[in-house]
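First the structure, in the form of structure tokens, and then the observations on it.
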Amino acid sequence: MSIRVRFAPSPTGYLHIGGARTALFNWLYARHTGGTFILRIEDTDEARNSQEAVDVILSGLRWMGLDWDEGPQTGAANGPSKGERGPYFQSQRKAIYQKRVQELKEKGLAYDHEGAVKFRMQREPVVIPDLVVGNVTRELTDREKMDPDFVIVRSDGQPVFHLVNVIDDLEMAITHVIRGEDHLSNTAKHIALFKAFGVAPPNYAHIPLILNKDGSKMSKRDTGASLTGYIEEGYAPEAVVNYLSLLGWSPKGNREVVPLKEVIELFDLPQVLRHNARFDLDKLHWINGEYIKGMDAPRFGQLAQEALVAAGVSTAGCDAAYVAAAFATAKEKVKQFREIPAFTDFYFKDAIVPDAEAAAKSFVPENKPRVEKLRAAFAQIAAFDAVSLEQTLKAICAELGVKAGVLVAPVRVACTGRSVGPSLYHLMEILGKERVLKRLDAALTKMD
RNA sequence: GACCCUAUGGUCUAGCGGUUAGGACACCACCCUUUCACGGUGGGAGCCCGGGUUCGAUUCCCGGUAGGGUCGCCA
């Protein structure tokens with residue numbers, strides 16, 4: 001039997017990081033087993049459906065590299081799709097639901113009630129076999145003991161989540177339902193529904209939830225809850241995917257940075273952890289830095305370029321070699337692409353507006369003669385390269401009887417406008433003699 | 001309130017009856033150093049509590065506590 005899994009998000013306008021992780025685990029399981037990964041849009045709540053909301057999900061999944069074998073190809077509910085079990089939007093499957101509700105009614109397992117349709121739920125406890133948690137016996141709650149039956153079609157004619165979810169899983173021949181643990185209790189209803197249709201339920205695997213750093217539930221409003229945030233912050237998708245795969249699952253062997261290919265090979269359901277995990281931004285940050293370090297120059301350059309554009313910095317007019325050399329000086333320094341503008345924007349600006357605090361500290365009268373002396377020495381350098389610059393600066397410092405830092409700080413602020421940045425000697429080499437001298441002159445006028 | 005899941009340093013985790021309880025992130029100190037980052041060395045920090053079972057429990061069982069989830073004509 002070929003394994004078929006699905007990710008079935010509701011288009012709410014954003015992609016929850018927990019949802020992204022659920023999608024990832026489904027995708028990993030499909031790729032690990034050679035099965036089929038299906039994307040189904042649960043847009044039964046017409047009030048809040050929009051193509052934009054669906055696009056957020058599609059683009060998020062694509063950003064992570066989670067390609068689906070069956071499902072929609074665009075955000076349009078009636079648009080093109082791939083796969084033989086469509087439509088993949090629930091809003092397009094109403095006839096199927098109506099037919100199935102009729103089936104239940106004919107079997108005497110559903111009945112009309114106050115304009116709605118209710119399902120005749122079994123009164124006995126339901127055993128839920130779960131690949132992650134084990135066998136779970138779900139007893140009825142107080143409320144359910146009073147009335148175990150539940151609505152499957154609202155009085156306005158709309159079928160509810162439990163019903164359509166089960167019907168679609170059934171019609172789409174889903175073999176493994178991998179979803180958040182928040183659905184574990186509800187699974188009793190789903191199993192009862194499958195039985196009512198005379199079909200064996202799929203295998204279930206309820207994965208732990210992702211909580212906030214403080215252990216509270218991560219809801220829409222919490223910062224960091226939306227995948228879009230990480231995309232905009234400039235995280236590398238491979239880093240986010242790596243980090244997410246480590247929440248609730250472990251490759252063992254004290255491994256942290258694991259290439260996706262290996263994750264696919266190692267991933268399996270029985271090893272999924274049973275307890276919730278808290279989202280640790282620090283660790284994501286670190287992993288992102290690891291991926292940046294291992295990135296090749298073209299890929300790094302591409303993402304750095306995007307970060308600059310996002311910050312409104314243009315590299316237009318600079319030749320490719322200059323831009324590449326500039327980025328190379330920042331690559332080992334940043335852990336996040338959001339830091340790129342601060343580390344490289346001075347390469348692409350004509351005039352430097354120094355950071356006020358840094359200027360106040362470095363642009364002081366006593367530094368003026370020192371920088372003047374250094375400027376004169378720089379002007380004499382024939383080969384304006386990092387080695388020569390370092391030798392020259394250190395020679396001047398020796399003459400002045402001061403430590404290197406005394407000159408490095410004002411020169412750095414003069415050249416970059418900031419007190420932190422890439423290696424000073426290398427960035428000066430890239431800027432070139434003309435620009436460096438010009439910036440030193442500009443800074444000297446502010447040291448009186 | 002009822003029902004369900006869970007419980008190893010601050011966080012992510014390894015461990016599956018006998019270990020000096022391992023790794024990573026974060027944190028602190030020092031080294032390296034032109035800033036930052038990297039790298040290196042060292043350090044603090046953990047088996048939720050109480051009963052059992054056992055020669056022996058972090059590990060198995062029960063209870064408690066705590067956290068999370070569900071009980072909707074939301075998904």
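Only heavy atoms go into these numbers, but all of them, side chains included; no hydrogens, no water, no symmetry mates. Here is the naming used below: chain letters follow the sequence lines, and residue numbers restart at 1 for every chain.
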Checklist line | A:Lys331 NZ - B:C38 P separation (whole Å) | finding: 15 Å

Check: A:Phe150 near the nucleic acid: base, sugar-phosphate alone, or nothing, with a heavy-atom cut-off under 4.0 Å?
Finding: nothing

Margin query: Does A:Ser423 contact B:U34 through a side-chain donor or acceptor facing the base, at a distance under 3.5 Å?
Written below: yes

Margin query: In terms of relative ring orientation, are A:His113 and A:Tyr111 parallel, tilted or perpendicular, with 30° and 60° separating the classes?
Written below: perpendicular

Note to self: For the C1' atoms, the ones on B:C27 and on B:G67, what distance do you get once it is rounded to whole angstrom?
What the structure shows: 25 Å

Margin query: Both A:His426 and A:Val153 contact RNA chain B. Which one's nearest nucleotide lies toward the 5' end?
Written below: A:His426

Margin query: For A:Arg179 and A:Thr187, which I'm curious about, is there any donor-acceptor pair between the side chains at under 3.5 Å?
Written below: yes

Checklist line | B:U58 to B:G50 separation - P atoms, rounded to the nearest Å | finding: 11 Å

Note to self: Tell me whether A:Arg274 is salt-bridged to A:Asp130, with the criterion being a basic N under 4.0 Å from an acidic carboxylate O.
What the structure shows: no

Notebook entry, point to check: Given atom CG of A:Leu209 and atom P of B:C12, what is their separation to the nearest angstrom?
Noted result: 13 Å

Checklist line | Whole-angstrom distance between B:G64 and B:C28, as gauged at atom C1' | finding: 37 Å

Check: Rounded to whole angstroms, how far apart are CZ on A:Arg418 and P on B:A37?
Finding: 16 Å

Check: Between B:A75, B:C71, B:G39, which one does the side chain of A:Glu144 approach most closely?
Finding: B:C71

Next item on the list: Return the orientation label for the A:His162 and A:His190 ring planes: parallel under 30°, perpendicular over 60°, tilted otherwise.
Entry: tilted

Next item on the list: Write down the distance between CH2 (A:Trp249) and C1' (B:A14), rounded to a whole number of angstrom.
Entry: 13 Å

Next item on the list: Scan A:His206 against the nucleic acid and name what it touches under 4.0 Å (heavy atoms): base, sugar-phosphate only, or nothing.
Entry: nothing

Checklist line | Residues A:Lys331, A:Asp296: salt bridge by 4.0 Å N-O rule | finding: no

Next item on the list: Have a look at A:Pro208 and say if it touches a base, only the backbone sugar-phosphate, or nothing, with a 4.0 Å heavy-atom cut-off.
Entry: nothing

Next item on the list: Nearest whole angstrom, please: distance from the P of B:U11 to the CG of A:Leu211.
Entry: 11 Å

Next item on the list: Check every strand shown and say whether A:Ile128 touches a base, only sugar-phosphate, or nothing at a heavy-atom separation below 4.0 Å.
Entry: nothing

Next item on the list: Give a yes or no on whether a salt bridge exists between A:Lys283 and A:Glu256, defined as a side-chain N under 4.0 angstrom from a carboxylate O.
Entry: yes

Checklist line | Interatomic distance at P, B:C74 relative to B:G15, whole Å | finding: 44 Å

Check: Checking only heavy atoms, does the side chain of A:Arg412 share a donor-acceptor pair with the base of B:U34 at less than 3.5 Å?
Finding: yes

Checklist line | Side chain A:Arg120, main chain A:Pro148, donor-acceptor under 3.5 Å | finding: no

Margin query: Taking side chain to side chain contact (heavy atoms under 4.5 Å, CB included) as the criterion, tell me which of A:Pro87, A:Pro11, A:Ser10, A:Ser81 meets it with A:Ile41.
Written below: A:Pro11

Next item on the list: Establish, with yes or no, whether the OP1 or OP2 oxygen of B:C74 is under 4.0 angstrom from a side-chain nitrogen or oxygen of A:Ser10.
Entry: no

Note to self: Base, sugar-phosphate or nothing for A:Lys118? Non-hydrogen atoms, less than 4.0 Å.
What the structure shows: nothing

Notebook entry, point to check: If we take the P atom in both B:C4 and B:G44, what is their distance in whole Å?
Noted result: 43 Å

Notebook entry, point to check: Within the structure shown, what part of the strands sits under 4.0 Å from A:Gly115 by heavy-atom distance: base, sugar-phosphate, or nothing?
Noted result: nothing

Notebook entry, point to check: Taking atom C1' of B:G67 as reference, at what distance in whole Å does atom NZ of A:Lys213 sit?
Noted result: 17 Å

Notebook entry, point to check: At under 4.0 Å between heavy atoms, what does A:Gly405 touch on the DNA or RNA strands: base, sugar-phosphate, or nothing?
Noted result: nothing

Check: Who is the Watson-Crick or G-U wobble partner of B:G39, with both distances under 3.5 Å?
Finding: B:C31

Notebook entry, point to check: Under 4.0 angstrom, heavy atoms only, what part of the nucleic acid is A:His285 near: base, sugar-phosphate, or nothing?
Noted result: nothing

Checklist line | Assigned partner base of B:C25, Watson-Crick or wobble definition, under 3.5 Å | finding: B:G10

Item checked: nucleotides 1-6 of chain B: protein proximity per nucleotide (B base, S sugar-phosphate only, - neither; heavy atom, under 4.0 Å) -> SBSSSS

Next item on the list: For nucleotides B:C3 and B:U8, find the distance between their P atoms and express it as a whole number of Å.
Entry: 25 Å

Margin query: Rounded to whole Å, please give me the gap between CZ in A:Arg154 and C1' in B:G72.
Written below: 10 Å

Item checked: Inter-nucleotide C1' distance (B:G68, B:C62), Å rounded -> 22 Å

Margin query: From the set B:G69, B:C36, B:U13, return the single nucleotide nearest to any side-chain atom of A:Ser250.
Written below: B:U13

Next item on the list: Identify, with sequence neighbours excluded, every residue that meets side-chain hydrogen bond (donor to acceptor under 3.5 Å, both in side chains) alongside A:Gln305.
Entry: A:Thr315

Check: Is it true that A:Lys394 and A:Glu390 make a salt bridge, defined as a side-chain N closer than 4.0 Å to a carboxylate O?
Finding: yes

Notebook entry, point to check: Ring centroid separation for A:Phe7 and A:Phe25, is it under 6.0 angstrom?
Noted result: no

Margin query: Under 4.0 Å, heavy atoms only, any strand: does A:Lys333 hit a base, just the sugar-phosphate, or nothing?
Written below: base

Check: For B:C55, what is the paired nucleotide under Watson-Crick or G-U wobble rules, both distances under 3.5 Å?
Finding: B:G18

Checklist line | Nucleic acid footprint by protein, nucleotides 23-32 of chain B - heavy-atom cut-off 4.0 Å, B for base, S for sugar-phosphate alone | finding: BBBS------

Note to self: Taking pairing as Watson-Crick or G-U wobble with both contacts under 3.5 Å, can you name the mate of B:C48, or confirm there isn't one?
What the structure shows: B:G64

Item checked: Gap in Å between the two P atoms, one belonging to B:C61 and one to B:A21, rounded -> 23 Å

Notebook entry, point to check: Which one is paired to B:A75, where only Watson-Crick or G-U wobble pairs with both distances under 3.5 angstrom count?
Noted result: none

Notebook entry, point to check: Between A:Asp147 and A:Lys118, is there a salt bridge with N-O shorter than 4.0 Å?
Noted result: yes

Note to self: Using ring centroids (six-membered ring only for Trp), state whether A:Tyr204 and A:Phe194 fall under 6.0 Å.
What the structure shows: no

Next item on the list: Please evaluate the base of B:U70 for a donor-acceptor partner in the side chain of A:Lys189 within a cut-off of under 3.5 Å?
Entry: no

Notebook entry, point to check: Once you round it to whole Å, what is the distance between P of B:A75 and NE2 of A:His190?
Noted result: 11 Å

Check: For A:Lys394, which contact category applies under a 4.0 Å heavy-atom criterion: base, sugar-phosphate, or nothing?
Finding: sugar-phosphate

